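Written out below as structure tokens is the structure these notes cover.
Bear in mind that the values here come from a model prediction, so they are computed numbers and not experimental data. Chain naming here is simple, since letters A, B, ... match the order of the sequence lines and numbering starts at 1 in each.
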2 protein chains.
Amino acid sequence: METHPSFDAYIGSDGVTLDARDVALLRAIDREGSLNTAAQSLGRSYAHAQRRVVELEDAFGALVERQRGGAGGGGSTLTTTARELLAAFERTRASFEGVAEIAETVIVGTIVERDGELVTVETPAGAIRALVPDGDGEVQLSLRADAVTLTDPEDTPVPEHTSARNRFAGTVVGVESGERIARIAVDVGLEQPVLALVTEDSREKLGLDDGSEVVVSFKATATRGVAVGDADD
Amino acid sequence: METHPSFDAYIGSDGVTLDARDVALLRAIDREGSLNTAAQSLGRSYAHAQRRVVELEDAFGALVERQRGGAGGGGSTLTTTARELLAAFERTRASFEGVAEIAETVIVGTIVERDGELVTVETPAGAIRALVPDGDGEVQLSLRADAVTLTDPEDTPVPEHTSARNRFAGTVVGVESGERIARIAVDVGLEQPVLALVTEDSREKLGLDDGSEVVVSFKATATRGVAVGDADD
DNA sequence: GGTCGTTGTTTCGACATCGATATAACCGAA
DNA sequence: TTCGGTTATATCGATGTCGAAACAACGACC
């Protein structure tokens with residue numbers, strides 16, 4: 001079974017949500033210069049485009065400067081509000097994209113202490129501090145590869161002097177070199193190796209290869225988990 | 001205008017996508033012990049529930065062990081496949097949730113070098129390495145607060161010995177203390193201060209307060225951006 | 001083996017969504 | 001004044017979604 005996590009991003013305001021299709025519409029308007037040709041270029045009906053623009057403006061404010069009549073019959077241009085909205089959407093979409101495509105390490109453990117949503121989880125490799133909204137008992141922590149920092153064992157700051165206080169010494173058990181980005185698997189005593197995404201640059205500077213000793217560290221606030229099993233929902 | 005980035009998470013397989021409603025359905029089946037009462041408890045029709053389960057099983061494999069006849073008329077239980085799927089969904093949803101709710105710092109800069117999707121961006125505070133899929137010229141980088149590590153200036157490893165090679169010295173210009181988590185704003189010479197999410201614990205250990213000197217660092221692979229303006233799309 | 005209660009399955013119709021189409025209003029330019 | 005291309009609005013029909021209800025299957029119990 002080939003499963004793939006994915007998402008639909010949108011920006012909500014006032015009950016109306018601006019999604020990818022709306023973004024495509026606004027982009028097309030910007031590109032084509034009119035609602036009519038924009039809808040046409042997207043293979044969608046003009047009626048829908050017009051309806052939707054009105055609907056969006058109701059929630060987000062003026063988005064499209066419309067002009068009818070005149071030379072060429074008129075046309076439409078985007079307001080700066082619309083452009084800011086597009087940029088904001090693109091940014092959040094890029095962030096979500098990162099989460100969806102980047103490998104994660106799943107760590108199974110048990111909550112032994114809770115302080116608000118900050119918990120201490122007991123794992124085979126030691127205690128890990130993480131964010132778990134609620135629940136109790138067994139948890140699955142999701143550690144994203146881009147949140148894991150690798151450092152040279154000889155020059156790793158003491159935990160008291162950094163905000164990344166989840167620290168584990170381990171050995172590299174796998175290197176998957178990409179064009180510019182490498183995926184490093186580090187065994188730290190957990191069931192699965194911890195995956196870390198680093199630039200090829202960093203890999204060379206740290207001299208990482210199979211068998212290398214390295215320290216992996218990650219922040220508690222970047223480690224999110226969900227209670228599984230005997231949760232109190 | 002109050003805008004809020006949000007998302008719909010789902011897990012795709014074979015063209016079919018398992019979304020939040022499907023998860024609610026499976027949860028209800030697990031809780032109620034039958035499709036019938038599950039649908040009822042969700043206020044949805046039984047027909048839909050049954051159809052949907054078949055559809056999902058077509059793509060994901062056996063999810064619901066159905067039993068009809070017998071004492072009590074029968075019932076349904078989830079397979080381990082279904083439970084794993086639920087856990088996987090919850091994990092990715094939690095990750096997305098983090099992206100959606102956590103503050104980000106928007107950094108505007110200009111691409112001065114590109115090597116695959118790895119770029120060097122020129123900013124008022126200096127060069128930043130980041131991931132930008134494509135485009136050119138002006139970019140907006142999105143730096144998530146939970147990806148920023150703070151370290152004591154006196155005990156910060158040299159860049160060659162860590163994979164977090166975006167480093168900037170700065171001063172704390174704002175501390176927003178929560179119950180267990182603090183949001184630290186650090187001025188590093190950019191238009192906006194960089195936001196970092198750290199545990200209260202870390203804040204105390206590092207002695208962070210307004211005016212404190214601190215080093216912020218973050219990985220290139222955790223810094224995603226989008227080209228804006230003269231992009232070649 | 002028949003009965004009975006519960007569940008799984010299928011069919012049908014109501015409802016919302018969306019596209020296609022038609023029409024009116026608009027305004028600069030020829 | 002006419003023309004041309006656009007935006008704004010209303011209506012109709014196709015399509016897909018969903019719920020209600022009828023239908024079929026199952027197995028313990030009598």
Side-chain angles (χ1 to χ4, degrees), chain A residues 8 10 12 15-79 81-82, chain B residues 8 10 12 15-79 81-82:
Chain A
D8 284 330
Y10 52 82
V16 182
T17 59
L18 180 134
D19 62 13
R21 297 178 64 171
D22 298 321
V23 168
L25 175 58
L26 292 179
R27 282 242 151 73
I29 293 174
D30 190 29
R31 174 163 28 90
E32 304 290 341
S34 86
L35 276 186
N36 206 334
T37 53
Q40 199 171 332
S41 83
L42 292 178
R44 297 177 61 80
S45 80
Y46 174 82
H48 173 74
Q50 197 272 339
R51 265 195 300 248
R52 189 60 185 160
V53 168
V54 171
E55 207 168 348
L56 289 176
E57 288 191 319
D58 232 42
F60 293 93
L63 299 178
V64 178
E65 202 77 45
R66 281 163 284 191
Q67 171 98 19
R68 60 179 169 184
S76 294
T77 56
L78 298 188
T79 64
T81 305
Chain B
D8 283 330
Y10 52 83
V16 182
T17 59
L18 180 135
D19 62 12
R21 297 178 65 171
D22 299 320
V23 168
L25 176 57
L26 292 179
R27 282 241 152 75
I29 293 174
D30 191 29
R31 174 163 28 92
E32 305 290 342
S34 86
L35 276 187
N36 206 333
T37 53
Q40 199 171 332
S41 84
L42 292 177
R44 298 177 61 79
S45 82
Y46 178 85
H48 172 73
Q50 198 276 338
R51 264 195 302 248
R52 190 57 185 163
V53 168
V54 172
E55 206 169 348
L56 289 175
E57 288 191 320
D58 231 43
F60 292 94
L63 299 178
V64 178
E65 203 78 46
R66 281 162 282 192
Q67 171 100 15
R68 57 180 168 182
S76 294
T77 56
L78 298 188
T79 66
T81 306

Atom pair distance, as rounded to whole Å: [atom1] in [X] and [atom2] in [N]:
X	N	atom1	atom2	result
A/Q67	D/dT7	CD	P	10 Å
B/Q50	D/dA22	CD	C1'	15 Å
B/R52	C/dT10	CZ	P	17 Å
A/L35	D/dT6	CG	P	11 Å
A/E57	D/dT7	CD	C1'	12 Å
B/D19	D/dT17	CG	P	13 Å
A/Q40	D/dT6	CD	C1'	13 Å
A/N36	C/dA25	CG	P	19 Å

Inset, instruction - Considering just the side-chain nitrogens and oxygens of B/R66, establish if one lies under 4.0 Å of OP1 or OP2 belonging to C/dT9. - result: yes
Inset, instruction - Please check the phosphate of D/dT7 (OP1 and OP2 only) for any side-chain N or O of A/S76 closer than 4.0 Å. - result: yes
Legend entry - CD1 on B/I29 to CG on B/L25, rounded to 0.5 Å: 4.0 Å
Inset, instruction - Drop me the distance from B/L78's CG to B/D30's CG, to the nearest 0.5 angstrom. - result: 4.0 Å
Legend entry - All side-chain contact (heavy atoms from CB on, under 4.5 Å) counterparts of A/T79, not counting sequence neighbours: A/A62, A/E65, A/T81, A/A82
Inset, instruction - List in chain and number order the residues that pass side-chain contact (heavy atoms from CB on, under 4.5 Å) with A/A28, two or more places apart in sequence or in another chain; answer none if no residue qualifies. - result: A/R31, A/A38, A/S41, A/L42
Inset, instruction - Decide, yes or no, whether a salt bridge links A/E57 with A/R52 under the criterion of side-chain N to carboxylate O below 4.0 Å. - result: no
Inset, instruction - Please assess A/D19 against A/D8 for the test side-chain contact (heavy atoms from CB on, under 4.5 Å), listing each intermediate value before the final yes or no. - result: CA-CA 8 Å; A/D19 62 13; A/D8 284 330; over 6 Å; no
What N/O pairs connect the protein and nucleotides 19-22 of chain C at under 3.5 Å? Give each pair on its own line.
unit_1 : atom_1 : unit_2 : atom_2 : d
C/dG19 : OP1    : A/R44  : NH1    : 3.1
C/dG19 : OP1    : A/R44  : NH2    : 3.2
C/dG19 : OP2    : A/S45  : OG     : 3.4
C/dG19 : N7     : A/R51  : NH2    : 3.4

